[in-house]
Amino acid sequence: MSETTERPPGALQLLFNGIVSENPVFRLALSLCPAVAVTTTVANGFILGVAVLAVQVLSSLTVAIARGVIHPRVRIPVYTIIIAVWVSAIDMALAAFVPALYAQVGLYIKLIVAFAIIISRLEVFASRQPLVPSFWDAVGMGLGFMIALMVIGALREVLGAGSFFGIVLFKTKPLLFFALPAGGFFSIALLMAFFNALERKLTGGTAKPAAGGHHG
Amino acid sequence: MSELVQIDGAPRPKADPKVVAGIAMNLVLVCAVSAIVLGGVYVGTERYQREARLAGERAAVSGMLALGADAQVTEVRQYLDPAKREVRYLAKQYGDESAPTRTLVFGLDGSLREAEAAPAGAAEPTGLEELGRLFVAKQGGALAGFVLEGESRGYKNRIRFFVALDSSLAVLGVRVLEHEEDPGLGAEIATPVFRAQFTGRTPDEIAALGVTRDPMPEDWHAALAAYASSTGGEAPADWRSLLERERTKPIYAVTGATISSRALTRGVKGTVDHFRRRWALLAPRLEGEGASR
């Protein structure tokens, strides 16, 4: 397995890549369904983001270690099993140690098994790179996903519920629409456009805009 | 990646037994390691999961019946023997592991077959089908109400719920404890407004309860939301007056989640109906719990 001949990129570059230049939500447009479903508040986005970060790092490490023994023909089912094992383990641990939190996010944790971002990082990165770069790629992508969920959550919570991280800012609900699922898609579109415009301004229009079209 | 399977055009290459064996070994290995990891995590967390669940149930029981600190709750575990000839009830003080257990066994015709008091720490019966638990609460010497545990098959997995009844067996509230319905669709059955539709109905009205896909009337939705967010004390007047109009009407299903809505409704109906018949047998035997009725 020598798909890559060049040296793997460094930790900082991988972190920057996951958080900014290949942000899973705003750049790769992956896992938009959960990004819409849970981001009605910042806290929800944060919790799911932490869970995804944990699953991504654990799965990437597992695949990076085991990549020599995984048969290429069955790699996708094997990745799915690896993700499912870590999701189940986290699910049981949360139910045992933080039941109040689990009551709120338990349903979403199980859905992480099907998140496109995780399996795509396993296929694109962890199955071809050694342990250390795979770790930093997973941390970068996990953080990028978590930050994206929190930014979306912040916009929707402030506009839809008039609060931020549960702290009431206004007594009214300024634009309830943003708390509803359709408002979630609009929030992501607005933020994606904002970040594209920002990047174009900073780089002088040389960067590629975000390309959507993925599901999951 | 040189050995990818050809899909179009070329004839399918013959499977090399060596390759197939390699793949099979690979999958067996992955599954075996996964099973060991999952088993280990389960063993390590099971005790804490159970404790967390019990604490949640205790809070639900006293919250649904609005019990004070002096309330006495009897937990009754119900079992059916495999031959379906008798029903076994194990009653003890709720939340006290050292309390003695009383056992009552009834034949299906309602005759009492056996009644005994077992010391604390009696083993849980094995080989019996569990029929869920029920909680009988007394406060200040008077019957304060019941909480019934029920289960129903939902869209994806079982839905486990509590139904609270007052001393006249009218519904005080429904709470969904565990479910795996889809977030945003079936999961809406656990929202306060949907659950509040059951509240206030008498056992006869519950027995005749149906589910409709018609939209919920705006005023009823507003009244249910007001009722669900009211904290203790008197129920809102709007809700009281609209309840008289709605109490014989069906449950309004969650849009896009008729199966989940029907599942919870069916579960509540069955649980309340069974309890009505069982309570008539149990009440005189549970030393006082039924005396105030």
Side-chain angles (χ1 to χ4, degrees), chain A residues 1-3 33-34 36-40 44 48 58-59 62-63 65-111 123 127-128 180-182 184, chain B residues 1-5 13 15-16 18-60 156-157 175-190 256:
Chain A
M1 288 250 208
S2 58
E3 288 88 351
C33 302
V36 168
V38 298
T39 52
T40 46
N44 272 1
L48 188 75
L58 291 167
S59 305
T62 314
V63 168
I65 292 170
R67 72 200 159 104
V69 294
I70 297 173
H71 198 289
R73 280 204 195 166
V74 289
R75 64 190 192 283
I76 300 293
V78 169
Y79 296 161
T80 311
I81 292 173
I82 290 171
I83 298 170
V85 166
W86 286 121
V87 168
S88 305
I90 289 175
D91 186 66
M92 286 190 264
L94 286 181
F97 300 116
V98 275
L101 181 71
Y102 184 73
Q104 285 182 20
V105 299
L107 286 177
Y108 300 109
I109 299 288
K110 293 187 178 81
L111 296 182
E123 170 74 359
S127 61
R128 291 146 198 234
L180 303 174
Chain B
M1 307 281 176
S2 53
E3 43 182 289
L4 276 179
V5 187
D16 179 353
K18 261 190 185 164
V19 174
V20 173
I23 292 176
M25 277 305 296
N26 209 267
L27 288 175
V28 168
L29 185 73
V30 168
C31 290
V33 172
S34 305
I36 291 169
V37 171
L38 284 182
V41 174
Y42 179 77
V43 169
T45 57
E46 196 268 337
R47 185 163 61 95
Y48 301 100
Q49 282 197 53
R50 202 179 53 228
E51 277 170 15
R53 200 170 56 230
L54 290 179
E57 283 177 7
R58 214 159 290 164
K156 279 187 164 172
N157 209 332
R175 201 172 286 192
V176 178
L177 299 174
E178 277 172 43
H179 73 95
E180 284 181 24
E181 307 301 288
D182 288 317
L185 288 169
E188 302 285 307
I189 58 166

Which heavy-atom pair separates [X] from [Y] by the least distance, and what is that distance?
X: Val85(A); Y: Ser34(B); result: CG2-CB, 3.3 Å
X: Thr45(B); Y: Ala93(A); result: CG2-CA, 4.1 Å
X: Ala95(A); Y: Ala52(B); result: O-CB, 3.8 Å
X: Cys31(B); Y: Ile81(A); result: SG-CD1, 4.0 Å

For the CE atom of Met92(A) and the CG atom of Leu38(B), what is their distance to the nearest 0.5 Å?
5.0 Å
About how many Å separate CZ of Arg53(B) and OH of Tyr102(A), when rounded to the nearest 0.5 Å?
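Going from the OH atom of Tyr102(A) to the CZ atom of Arg53(B) covers 11.0 Å.
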What do you reckon, is CZ of Phe97(A) surrounded by more than 12 foreign heavy atoms closer than 6.0 Å?
yes
Answer with side chain, backbone, both or neither: which region of Leu27(B) has an atom nearer than 4.5 Å to a non-hydrogen atom of chain A?
side chain
Pick from Val20(B), Val19(B), Asn26(B): which one makes a side chain to side chain contact (heavy atoms under 4.5 Å, CB included) with Arg73(A)?
Val19(B)
